[in-house]
Amino acid sequence: MRWTTLLILTILGLLVVACFPGDSPDQPASQISQTNETPDSGAGQAPEPTAVESSAPANMQESSAANSQSDVQPTAAPAPAESPRSPVVEPPAPIFSQEAPSQAEYVGGTRPANSGNGMATDGGTLRLLFADPPTFDPHLAEDNISGLLVNEIFGGLVNIEPFNFSVALDLAERWEISPDGTQYTFTIHPNAKFHDGTPVTAQDVKWSIERVANPELVSPVVDQYLNDIVGVQARLDEAASEVSGVQVVDDQTIRFTIDAPKAYFLAKLTYPTGFVLDQDNVAIGDNWFETPNGTGPFRLDEYTIGETILLGRNEYYHLGPPHLDEVEMILSGGSSMILFENDEIDVTGVGLADLERVLDPSDALNPLVHPYPARFTTSYIGLNVDEPPLEDPKFRKALNLAFDRDQIASVVYEGAVRPAKTIIPPRFPSYNPDLNPYPYDPEEARRLLAESSYGADPDSIPRLILSISGSLGAAVPLGLEVILQSWEQELGLQVEIQQTEWATFLEDVNQERYQMFSLGWGADYPDPENFLDLLFHSDSDGNRTNYSNPEVDAVLEQARVEQDVTRRFELYNQVEEMILEDAPWVLLWNDEDWYFLIKPHVKDYYLLPLTIPKFRYIHLEQS
């Protein structure tokens, strides 16, 4: 998932991402959706969330950790994932380095909090504070709240595993890649079943791709995640009646043909856009997803809006049934810390107000604190470059230089966020720590404003409106207030705030209706293409700012097909600098490492920087 929002942060006191990917509402400081988008939030109980747009599962593709960690023992007893049988082209190597990770650093793999050391017990209910999702439909999901749920209820041919973020087998038991890298042939796992016990077939995969590519569905994410498949664009354009690049070989075999060899293609298939649905289930009607017949480790057993979501164990799960009987999600709100201390929920993020207390070794909660590594998110203010005065790059750069990110991060947010210096977040593949294009420089900002086509006279500048998610009258994130004050003080600019509830806000962002909007992007899969190409290529549906630079497009298109990892990352470093020079975003924050509270009886709970299935690994220690 991808766009991230503050919505969940304020509701849960946790980090959530709105496009998936961010991770889950069990995260502390930002709010990110499975689609990466998340609205930027202020200082709620937890650190400020980042707005992220795509959050499906984020996968590491090109270089996810090369070796899975032999000492990491999942407790869900899944059938061991087979390596692809005799692939002619080796799958991409892991993206992260293989150095020994620090406690909160994802560099070669990850360990669960409260490791059960391989001793798993079955039964029990995990309790969380959560929020109502915009949708349960994987083909429409573009936020982190929906993303977490659809990742547990549904599945695709491949997914991302939590040990080293590499692409792993799910509904497929193997894949083979053609010598030219353009054909992927998948064999369906013989035990893959829908929740009602019906076997999954290649026809189900084909039908699911046809459904999401049907222009009548109006999926907001299909173009970004499946457009590498031959025939998807023709189907979206209504120039074809089916997707020609997806062929059923037999009941257990499906073949995808893509338009060029691309290192990240498998990773893209882990996003919910590629998930497999039951045609008979969808045929029920518009409300089919109220009783979804998925393939994931959990069923949706109950959903009462504003009250409860109950996920039940899928006994048919082909990788091994989860240990938990249920996951109960409380939707009625409340203070997550109070609920945690009253033993009404089992996990929660730590807000700024409680941080000093829980980090005190003498506090009763201190033994329950676990470090939560920063998610791969970047929050920003998007600038619609077709809207005056934002069509002038000097005006846009002046906005970036006229406020002190470092001071806001350290003082306003007390170190809960990092000032964003780049589009690619820290620790992410191709991250360039040497970039700092927008230092606080009010004098240079005033010079650029004066040189812009509007000049320094505030009366010559068109009305400026910043749109954010939130109910009418809700508190504006404090960090944004400080930025707007700085713009007025340093540049004489007055900016109005307009608030819209999250689902409508996302729709309006998708329709490019805003002049300026505060949002965030969380990784769907660990490849820089997921940030730079999806968000800035002129033809990408994920480009919400109308930014267009033919030179940037050319380098992005070269990077798509570059097979050498080092060279690919060099191209992405080059294109990132070009984009930053054009300044279509006002960079805000990256997530910072934070803290999480987990009850001692909850074992093998993975704290992850991406939104990927993880509940099946958890088990509860029986007293």
Side-chain angles (χ1 to χ4, degrees), residues 6 8-17 22-32 41-50 101-106 110-116 126-131 148 327-330 333-375 377 409-418 475 477-479 589-609 614 618 620-621 623:
L6 276 175
I8 295 198
L9 174 62
T10 53
I11 294 178
L12 311 180
L14 309 174
L15 258 94
V16 183
V17 178
D23 185 22
S24 67
D26 55 9
Q27 231 169 337
S30 296
Q31 190 176 351
I32 298 183
S41 115
Q45 287 187 345
E48 169 170 343
T50 359
S102 65
Q103 199 173 24
E105 185 96 16
Y106 284 102
T110 181
R111 297 166 179 268
N114 290 348
S115 174
L126 179 74
R127 301 161 302 164
L128 309 170
L129 183 61
F130 207 68
L148 182 144
V327 178
E328 180 185 1
M329 298 176 170
I330 299 170
S335 165
S336 61
M337 284 296 294
I338 292 175
L339 292 171
F340 184 85
E341 293 187 80
N342 289 341
D343 289 327
E344 296 178 64
I345 59 175
D346 298 308
V347 297
T348 183
V350 178
L352 285 173
D354 298 294
L355 183 60
E356 183 177 359
R357 173 170 70 100
V358 302
L359 293 182
D360 182 345
S362 65
D363 189 85
L365 293 178
N366 181 262
L368 309 183
V369 174
H370 297 268
Y372 203 137
R375 293 164 311 146
T377 65
S410 62
V411 177
V412 176
Y413 292 123
E414 300 182 37
V417 297
R418 299 183 189 189
L478 184 56
W589 328 113
N590 299 123
D591 283 355
E592 183 56 278
D593 295 337
W594 205 244
Y595 300 95
F596 206 70
L597 290 169
I598 303 176
K599 295 290 185 181
H601 67 282
V602 177
K603 301 299 183 183
D604 291 350
Y605 191 103
Y606 283 89
L607 297 170
L608 305 170
K614 65 181 181 182
I618 300 169
L620 305 181
E621 188 174 66
S623 57

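These figures come from a predicted structure and were not determined experimentally. We use all heavy atoms of the structure for the numbers below, so side chains are in, but hydrogens, waters and symmetry mates are not.
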Once rounded to the nearest 0.5 Å, what's the spacing between atom CZ of Phe340 and atom CG of Leu365?
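If we round to the nearest 0.5 Å, Phe340:CZ and Leu365:CG are 6.5 Å apart.
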
Residue set satisfying salt bridge (Lys or Arg N to Asp or Glu O under 4.0 Å) with Glu414, at least two apart, ordered chain then number -> none

Steps toward side chain to side chain contact (heavy atoms under 4.5 Å, CB included) verdict (Leu128, Ile330)
CA-CA 6 Å; Leu128 309 170; Ile330 299 170; over 6 Å; no

Which residues pass the side chain to side chain donor-acceptor pair (under 3.5 Å) test with Asp363, not counting sequence neighbours?
none

Tell me, do [X] and [Y] make a side-chain contact under 4.5 Å, heavy atoms counted?
X: Tyr605; Y: Asp346; answer: no
X: Leu368; Y: Ile598; answer: no
X: Leu339; Y: Thr348; answer: no
X: Asp360; Y: Asn366; answer: no

Which residues satisfy the side-chain contact (heavy atoms from CB on, under 4.5 Å) test with Arg418, sequence neighbours excluded?
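Arg418: side-chain contact (heavy atoms from CB on, under 4.5 Å) contacts with Pro426, Arg427, Asn590, Glu592, Asp593.
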
side-chain contact (heavy atoms from CB on, under 4.5 Å) involving Asn342 - partner list, sequence neighbours excluded:
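Asn342: side-chain contact (heavy atoms from CB on, under 4.5 Å) contacts with Ile338, Glu344.
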
Trace of the side chain to side chain contact (heavy atoms under 4.5 Å, CB included) decision for Tyr595 with Val358:
CA-CA 9 Å; Tyr595 300 95; Val358 302; 5.6 Å; no

Is there a donor-acceptor pair under 3.5 Å between the side chain of Trp594 and the backbone N or O of Val350?
yes

Could you walk me through whether Leu597 and Val369 pass the side chain to side chain contact (heavy atoms under 4.5 Å, CB included) test, one step at a time?
CA-CA 5 Å; Leu597 290 169; Val369 174; 3.5 Å; yes

So, for [X] and [Y], which heavy atoms are closest and what is the spacing to 0.1 Å?
X: Leu129; Y: Gly333; answer: CD1-O, 3.9 Å
X: Ala416; Y: Leu352; answer: CB-CD2, 4.0 Å
X: Ala374; Y: Pro609; answer: O-CB, 3.4 Å

